[in-house]
Amino acid sequence: SLANGVEILLAATLVRRFVLPVGRAPGIQNALQLLVLYVLVAAPVSTLLAALVVRSSFDTGLLAVMGNWWLGDTIGMLLLGLPGLLLRREHLHYLRQPRQVADFLLTFMILALISYLLMRHIRFPFVYAIVAFTAVAFRDGALRAGLHANLVVLTLGLLQLAGMIDLSVVASQTGAKGLWAAAAITCLFPTLMGLAVENLREQQAAVSSLTERLHLATRSVGMGVWDWNLQTHELHLDSQTQQLYELDRSLVKGDLDVWLVRVHPDDRARTERELRAATAGLAEYNSEFRVLRQDGSVRHLHAAALSVRD
């Protein structure tokens, strides 16, 4: 108990100081850092302390005790560490939503049935079980995937105790330690995949929100956004730019002639010359010119751009 207490306190201190400050949601990078710190720092300290205590009380080899203790703590971390880190008080509100509870229980029963059949009929069942849990991670996220995996592993253990399944065949292939390690990886991998998916969705949402704000800002001031690829010579136009130049709305990209044909003939040579100077790095592009509208009238525009090179 003393060794485990020291291990937990050390791991919590390292996580809060170096990996995950208070109030910050964990991500895939934080999770990997946590695993490395726990396995290589916190667990070895606990292992050494526990091995010394056991050796003083029993006639047992120090290295054997350290190996078993470290493996047990590492497997426990892989099984329960990330779900425990991800669990927040706000997640408990699902318990008050019957539909969410029913969905959780139904998913658990399906996963338990799949895992039971795999244990009975497949030689390497954990490989296939990971696929099922990873599918849940893509749908429901890291926390639910980790909880489902741990509950299924616990259920399989209870079925083994009840004599309803026989894991001796699986254990004979890898040994008891290998069986526990396989179970730990089965829980860890879907949780990590769920974290990666959640991080990717958050980034996509942030990009979408930023794009929407940019669109609203450009519309409010009547400004268009465009870019010109100097290698492919493709000109990409947003909807506001298309409206300013009165171009076909279906035209998302084209070449430079799409833009030049709208510029007033008296301004065309100067405007193109200024643009060429900017692309050559001789000057910044900041130009005012006229464009011809479809009704024959003239519109005055101001265009500015920065040249970005790889």
Side-chain angles (χ1 to χ4, degrees), residues 18-34 36 138 141-142 192-310:
F18 300 108
V19 178
L20 194 65
V22 176
R24 181 179 174 184
I28 182 66
Q29 184 177 359
N30 305 125
L32 294 175
Q33 291 173 345
L34 167 64
V36 171
F138 275 93
L192 290 176
M193 288 298 298
L195 276 175
V197 170
E198 289 174 358
N199 292 163
L200 180 59
R201 288 172 178 169
E202 290 173 359
Q203 292 174 6
Q204 290 175 336
V207 171
S208 178
S209 176
L210 181 61
T211 302
E212 180 63 22
R213 293 203 303 268
L214 176 62
H215 180 66
L216 292 175
T218 54
R219 285 187 58 189
S220 65
V221 297
M223 181 176 68
V225 178
W226 55 273
D227 67 86
W228 181 32
N229 190 313
L230 300 180
Q231 294 180 332
T232 64
H233 300 289
E234 287 184 344
L235 186 66
H236 294 256
L237 311 170
D238 71 348
S239 60
Q240 188 67 19
T241 304
Q242 294 170 356
Q243 182 177 348
L244 289 173
Y245 286 93
E246 295 185 348
L247 298 172
D248 187 353
R249 289 302 182 104
S250 62
L251 181 65
V252 179
K253 62 181 180 179
D255 55 25
L256 192 61
D257 292 336
V258 172
W259 166 69
L260 281 175
V261 74
R262 290 294 186 184
V263 177
H264 193 284
D266 295 341
D267 298 341
R268 193 171 297 164
R270 173 184 58 82
T271 304
E272 185 177 8
R273 186 170 58 252
E274 292 173 344
L275 182 62
R276 299 293 182 184
T279 57
L282 302 177
E284 293 185 359
Y285 181 64
N286 196 328
S287 178
E288 293 185 4
F289 50 87
R290 294 165 292 173
V291 296
L292 293 175
R293 304 183 64 180
Q294 293 181 357
D295 61 2
S297 61
V298 174
R299 170 177 285 166
H300 292 260
L301 293 179
H302 176 215
L306 293 176
S307 179
V308 179
R309 294 175 172 82
D310 295 335

Which pairs count as salt bridge (charged side-chain N to carboxylate O under 4.0 Å, His left out) when at least one residue sits in residues 281-298, sequence neighbours excluded?
E246-R293, D267-R290

Taking all non-hydrogen atoms of both residues into account, name the closest pair between [X] and [Y] and its distance.
X: V225; Y: T241; answer: N-OG1, 3.0 Å
X: A31; Y: L192; answer: CB-CD2, 4.0 Å
X: R276; Y: W228; answer: NH1-CH2, 3.5 Å
X: S239; Y: H215; answer: OG-CE1, 3.6 Å
X: S307; Y: A278; answer: CB-O, 3.9 Å
X: W226; Y: A304; answer: CZ2-O, 4.3 Å

If I take atom [atom1] from residue [X] and atom [atom2] from residue [Y], how far apart are they, to the nearest 0.5 angstrom?
X: L237; Y: D227; atom1: CG; atom2: CG; value: 8.5 Å
X: Q243; Y: D238; atom1: CD; atom2: CG; value: 10.0 Å
X: H302; Y: N286; atom1: NE2; atom2: CG; value: 3.5 Å
X: S287; Y: R273; atom1: OG; atom2: CZ; value: 10.0 Å
X: L200; Y: L195; atom1: CG; atom2: CG; value: 12.5 Å

Is the backbone N or O of A205 less than 3.5 Å from a side-chain atom of S209, with the two atoms forming a donor-acceptor pair by type?
no

Any side-chain to backbone donor/acceptor pair from T218 onto L214? Under 3.5 Å, distance only.
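Checked: pair present.
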
Check the pair N199 / E202 against side chain to side chain contact (heavy atoms under 4.5 Å, CB included), numbers first and verdict last.
CA-CA 5 Å; N199 292 163; E202 290 173 359; 3.9 Å; yes

Give the C-alpha distance, both sets of side-chain angles, the deciding distance and a yes or no for side chain to side chain contact (heavy atoms under 4.5 Å, CB included) between R268 and L260.
CA-CA 7 Å; R268 193 171 297 164; L260 281 175; 4.0 Å; yes

Can you confirm whether more than 12 heavy atoms, excluding those of L210, are under 6.0 Å from its CG atom?
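Count over threshold, so yes.
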
Heavy atoms, side chains only, cut-off 4.5 Å: are [X] and [Y] in contact?
X: R299; Y: H264; answer: no
X: W259; Y: T271; answer: yes
X: V291; Y: V298; answer: no

Which residues pass the salt bridge (Lys or Arg N to Asp or Glu O under 4.0 Å) test with R219, not counting sequence neighbours?
none

Listed by chain and number, what are the salt bridge (Lys or Arg N to Asp or Glu O under 4.0 Å) partners of E274, not counting sequence neighbours?
R270

